[in-house]
Number of protein chains: 2
Amino acid sequence: MEAPRDFDALKLLLVSRRADLPRRLQQVAEFAVAHPDELAFGTAASIAELASVQPSTLVRFAKAVGYSGFSDLQSVFRHRLRDRWPDYGERLRTLHDAQPAAEDPARLMFGFAEAASASLQRMRQTVASEDLDAAVAILAGAETIYLVGMRRAFPVAAYLAYALPKLGIRSLLIDNVAHLGADQLAHVGPRDALVAISFSPYTPTTVELAAAAVARHAPVVALTDSPFSPLAELATVWLEVIEADFGAFRSMAATFCLAMTLAVAVGERRSADGAASAARQSTVDQGVGTKL
Amino acid sequence: MEAPRDFDALKLLLVSRRADLPRRLQQVAEFAVAHPDELAFGTAASIAELASVQPSTLVRFAKAVGYSGFSDLQSVFRHRLRDRWPDYGERLRTLHDAQPAAEDPARLMFGFAEAASASLQRMRQTVASEDLDAAVAILAGAETIYLVGMRRAFPVAAYLAYALPKLGIRSLLIDNVAHLGADQLAHVGPRDALVAISFSPYTPTTVELAAAAVARHAPVVALTDSPFSPLAELATVWLEVIEADFGAFRSMAATFCLAMTLAVAVGERRSADGAASAARQSTVDQGVGTKL
DNA sequence: CCATGCTTGAAACGTCCGTTCCGTTGAGGC
DNA sequence: GCCTCAACGGAACGGACGTTTCAAGCATGG
């Protein structure tokens, strides 16, 4: 039968033949492609559990694809790991040696990745955990969390609008559709909170909306990039995120990271505060279900 | 006892303590340093034969160096292979295993930062520059770039909707407001292109909209997380981004990075193609003005 | 509605693995 | 030359592994 001897060929085969496979075998195929490292190191039992199938299904799968058994299949994944060493360094070197003309998309990608990593690194050192705690405290106490971010900051606000409800937290994205921003924010009050996100050059709308919230005595948590940001003086608590840039483009990695942190921390704080509700599972420890 | 947890430390230990060791144990030490891959994958019996010792000697060796047994020693060699991008996998795991009460926001932030870094690192290795080139070519040739991303993927699409116009590229965000997605996409054609972004579990709307674009003969560039993604079979070109997760939360760093790369690369390609227009300054090299 | 064939879950099987135990070997001290 | 003790080889053990088997589940076609 077929039985490809290297990982890439196997991957191709799985993709092309996936439709013909039974349900559980598809499940294995997907897991194998998504977690090749597990296949290399795990035992049949451990892999089966991670993929939510029976060990016997793994053997069936291996045979269906043409191998003599699970062990035979596994050897392909092991060889992949052995042979993959010189990869990354090699690529970097050729990229460096290439023309400095940033024409090459791969080169751009490396640059942006570099910038993102630098941003993350910096954030770890600069964000004070007291500020973080203060921000979490405010948001955990809020009835509704209003979210404002325009232009470049909008994706961050949009992400929070996606994540917070998943954590059982009431939130409202001020997207300013049809210029209705002020109206969307009309009912904010002292028992709510506003998350405002803006970076230089600060979108006036964001600042105005934050000011409006302050006027209505709502606490404001700001994510911004400088102590001189207009948001910094308005905000009850503000967190400084400085993103590195590559050429004219700033990373967003650190900001997103902070946003995720805030969301999850608030979720955990609430379930800790609010709930003597049985032994509640911690959000970060929950299983392999849908990721947020 | 001592028992170093990573390969480099073990190597150092072996070199320094080799003289003190009994003859057969020296033999094992030399073999281990010379053939680490064998140690990672082989069985005690197979390794023993290659090193010309008894299996029991391997166990003795492991205990002499401070491990609880051969298996314990072997895990060090396995982790070495697994962490081709050394730190992250392991560090993430230990962060996970640390007290599940990840109550501390700072701890959460570190976890998310690790996940983001791991995602970026992984992306550098897995995204093929040919695919990237192909995607850029398609988008550079498009009259209008339509952008689709729902739920978790929406922030990415929203970011592109912000960045592309700044680069002089006509784009249209299909945000599906009022369920008008299909209508927003109504005029897409062969001369346009669609960027579709979706991750497991794939939002049906995104897949449907991509299918609609294909039906109208528009090329589709997909950002997704598996060859088995419904977007992968629909797309003209698809790019695989696998994000690491921390607990139930997936990073978005790599996806954003790719999105930025696509945007800028398309911008550059266009100005290179379209313009004998004087010595035009490259986008990434431009000065310290407003960052995108 | 039943018969058929494939898929699936669970348990049983036999093998090979890592480990332990014990007898033998060889070198150094008295 | 004998005693002591660490080093070593080899066999035996218990456990975990991959594999096989079998019966139940399920949809399909007659």
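Naming convention: chains lettered A, B, ... in sequence-line order (proteins, then strands); numbering from 1 in each chain.
Distance A:Gln54 CD to D:dG18 C1': 14 Å, rounded to the nearest Å. For the pair B:Leu21 CG and D:dA6 C1', the computed distance is 13 Å after rounding to whole Å. We find that CD of A:Gln27 is positioned 8 Å from P of C:dG9, with the value rounded to whole Å. Rounded to an integer number of Å, the gap from B:Asp72 CG to C:dC17 P is 20 Å. Between the P atom of C:dA10 and the CD atom of A:Glu49 lies a distance of 13 Å, rounded to the nearest Å. Here the P atom of nucleotide D:dT19 and the CZ atom of A:Phe61 are 14 Å apart, to the nearest Å. Going from atom CZ of B:Arg24 over to atom C1' of C:dG26 covers 13 Å, rounded to whole Å. The CD1 atom of A:Ile47 sits 8 Å away from the P atom of D:dG18 (whole-angstrom rounding).
Side chains of B:Glu240 and B:Ser226: no donor on one and acceptor on the other come within 3.5 Å.
Between atom OG of residue B:Ser119 and atom CD of residue B:Glu114 there is a gap of 11.0 Å, rounded to the nearest 0.5 Å.
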Show me the protein contacts with nucleotides 20-28 of chain D, counting only N or O atoms at under 3.5 Å.
| residue | atom | partner | partner atom | Å |
| --- | --- | --- | --- | --- |
| D:dT20 | OP2 | A:Lys63 | NZ | 2.3 |

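Among D:dT19, C:dG18, C:dT8, the nucleotide with an atom closest to any side-chain atom of B:Thr43 is C:dG18.
Residue pairs that meet the salt bridge (Lys or Arg N to Asp or Glu O under 4.0 Å) test with at least one member in residues 197-213 of chain B, sequence neighbours left out, do not exist here. The side chain to side chain donor-acceptor pair (under 3.5 Å) pairs that include a residue from residues 213-224 of chain B are B:Thr224-B:Ser229, where partners are two or more places apart or lie in different chains.
At the phosphate of C:dG26, neither OP1 nor OP2 sits under 4.0 Å from any side-chain N or O atom of B:Arg23.
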Under the criterion side chain to side chain contact (heavy atoms under 4.5 Å, CB included), I'd like the reasoning laid out for B:Val127 against B:Met123: C-alpha separation, chi angles, the key distance, then a yes or no.
CA-CA 6 Å; B:Val127 172; B:Met123 178 189 65; 3.6 Å; yes
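Residues B:Asp131 and B:Val237 approach most closely at O-CG1, 3.6 Å, considering heavy atoms.
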